[in-house]
Number of protein chains: 2
Amino acid sequence: MSIAVITEQAVTNADKTFLQLRSDIVEGEIPAGGKLSETELSTKYQVSRAVIREAINRLEACHLVERRANVGARVVSLTPDGLIQLYQVREALEGMAARLAAKNMSDEEIADLTALLDNHFQTVKDGNSYYQEAGDLDFHYRIILGSKNQHLIEVLINGIYHLIRMYRVQLGMAGPRVTTAFDEHKHVVQAIANRDEELAEILMRRHILYSKNNIERKLLQS
Amino acid sequence: MSIAVITEQAVTNADKTFLQLRSDIVEGEIPAGGKLSETELSTKYQVSRAVIREAINRLEACHLVERRANVGARVVSLTPDGLIQLYQVREALEGMAARLAAKNMSDEEIADLTALLDNHFQTVKDGNSYYQEAGDLDFHYRIILGSKNQHLIEVLINGIYHLIRMYRVQLGMAGPRVTTAFDEHKHVVQAIANRDEELAEILMRRHILYSKNNIERKLLQS
DNA sequence: GACGACTATATTGTCGACATTCCTCTAATC
DNA sequence: GATTAGAGGAATGTCGACAATATAGTCGTC
């Protein structure tokens with residue numbers, strides 16, 4: 001009952017290649033700014049160029065690669081400012097998601113979310129921070145899905161979250177802040193449970209804003 | 001100096017087909033929910049299926065069509081709730097855009113924006129409402145671009161705005177509200193000119209919320 | 001030695017054909 | 001008559017080859 005799995009089952013060959021490539025990019029096997037040669041990838045994955053092109057198109061759709069006509073596709077290059085901009089969008093969208101979740105989540109979903117947080121709290125109190133990132137992700141995913149807003153879900157889960165993970169991996173940043181994040185999560189859930197849309201949004205925005213500030217500090221250090 | 005043109009120059013053949021198809025969809029020549037047959041379109045536009053597939057992929061990227069593996073692509077179907085959800089996302093993103101614009105627009109850009117609004121006001125005061133929608137678009141585009149946030153710009157201008165226009169055309173809705181919108185625009189610009197980020201966001205969000213409420217009323221009538 | 005035009009090569013864009021999958025219609029059975 | 005199995009057809013998925021374009025390197029000139 002813990003992880004809110006997003007099932008992305010690949011039916012076609014291009015699907016598999018897309019998922020593989022996305023993983024390779026997000027996990028840094030293909031470095032940021034790196035070129036995606038169609039011929040090279042087609043030999044590497046043993047598929048035709050058409051399949052590779054299809055996959056690259058979808059990667060472009062989620063803003064992981066950029067294409068220039070007659071030149072080719074490159075993995076997006078990571079800049080500190082790019083990450084900040086990403087968090088600005090995330091703040092706006094997840095704030096709205098929290099607001100809508102407070103309105104649209106069923107009582108059962110809210111109960112589940114509360115249980116998840118209790119569970120998560122126990123895990124961390126025992127000194128385990130292993131599932132930390134997974135737990136954080138699960139929390140945010142549930143609220144996003146709880147918004148019941150298809151556009152929000154699409155943009156955040158299929159777009160921004162992969163990009164953020166890419167930044168996190170390649171900039172070698174640790175997961176989300178451990179200590180304070182729990183309380184922030186708890187307060188957001190409380191606001192949702194109280195059906196307080198306004199407060200839910202404010203708290204979620206602040207939660208993400210803190211993350212952003214934290215990241216900005218780390219970026220300035222290096 | 002009026003319209004902030006977004007130059008989308010088509011270099012490749014797939015580009016042209018994409019732009020053509022997008023126009024056909026948004027303007028309703030291909031109806032909502034309609035099927036996009038690859039073979040049919042390839043004969044219609046005199047290009048190979050590969051070009052059509054590429055174009056359809058991009059249409060899918062901006063959420064104008066939905067594809068099912070081994071089945072095909074259909075134009076998204078329009079529902080009242082879908083439009084409401086779109087406006088929720090728009091409220092969140094453009095609110096953030098206004099906030100960032102208050103922070104990041106140059107003094108010159110702000111002066112231009114003010115001039116634009118004065119100009120627009122003159123036009124309407126004279127009883128001309130012909131440029132009404134164009135003017136509204138121009139206002140919003142400038143603020144979005146003024147945010148200097150690439151992700152925000154991408155999602156709004158390449159994604160949401162085309163979808164909203166599609167709704168407007170096919171649901172036969174008139175353009176934005178005429179009378180009150182001017183004052184709202186003016187107040188947003190004033191907040192931006194004062195570099196008041198918080199107020200700029202609040203006013204922009206409210207402006208879009210009013211639009212949404214207005215649309216909801218019209219939808220309920222029919 | 002620097003700059004510009006030209007050629008060569010490699011990569012992407014486009015095409016038509018084949019393979020595979022899904023949907024429909026028919027027919028047979030319960 | 002309803003349901004299910006199967007054949008048929010039409011659409012999408014995939015492939016390899018050709019055409020068009022950009023980049024790199026070379027040559028020539030100033």
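A, B, ... follow the sequence lines: proteins, then strands. Residue 1 opens every chain. Note that this is a predicted model, so its numbers are computed, not measured.
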Going 5' to 3' along DNA chain D, which are the first and last nucleotides with any atom under 4.0 Å from a heavy atom of chain A?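 It runs D:dG13 to D:dT23.
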
Given the rule in the side-chain contact (heavy atoms from CB on, under 4.5 Å) test, do B:Leu113 and B:Ile143 qualify, once you have shown the distances and angles that lead to the verdict? CA-CA 9 Å; B:Leu113 182 57; B:Ile143 290 177; 4.0 Å; yes

Spacing between [X] atom [atom1] and [N] atom [atom2], to the nearest angstrom:
X	N	atom1	atom2	result
B:Asn70	C:dC22	CG	C1'	7 Å
A:Ile56	C:dT11	CD1	C1'	12 Å
B:Lys16	C:dG13	NZ	C1'	12 Å
A:Asp15	C:dT21	CG	C1'	14 Å

Measuring to OP1 and OP2 of C:dA10, would you say a side-chain N or O of A:Lys35 lies under 4.0 angstrom away?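 For A:Lys35, the contact criterion (side-chain N or O under 4.0 Å from OP1 or OP2 of C:dA10) is not met.
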
Phosphate oxygens OP1/OP2 of C:dT14: is one of them under 4.0 Å from a side-chain N or O of B:Thr12?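 Looking at the OP1 and OP2 atoms of C:dT14, one of them is under 4.0 Å from a side-chain N or O of B:Thr12.
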
Could you state the interatomic distance from [atom1] ([X]) to [atom2] ([Y]), rounded to the nearest 0.5 Å?
X	Y	atom1	atom2	value
B:Ser147	A:Gln88	OG	CD	8.0 Å
B:Ser42	B:Arg53	OG	CZ	12.0 Å
B:Leu93	B:Met204	CG	CE	11.5 Å

On DNA chain C, nearest-nucleotide positions of A:Val11 versus A:Arg53: which is more 5'?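 In this pair, the answer is A:Arg53.
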
Between the side chains of A:Asn57 and A:Arg67, does any donor sit under 3.5 Å from an acceptor?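 Yes, a side-chain donor-acceptor pair sits under 3.5 Å.
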
So B:His140 and B:Tyr161, would you call those rings parallel, tilted or perpendicular, with 30° and 60° as cut-offs?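 Aromatic pair B:His140/B:Tyr161 classed tilted.
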
Where the side chain of B:Arg49 is concerned, which of C:dT11, C:dC18, C:dT14 is the nearest nucleotide?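 Out of C:dT11, C:dC18, C:dT14, the nucleotide with an atom closest to B:Arg49's side chain is C:dC18.
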
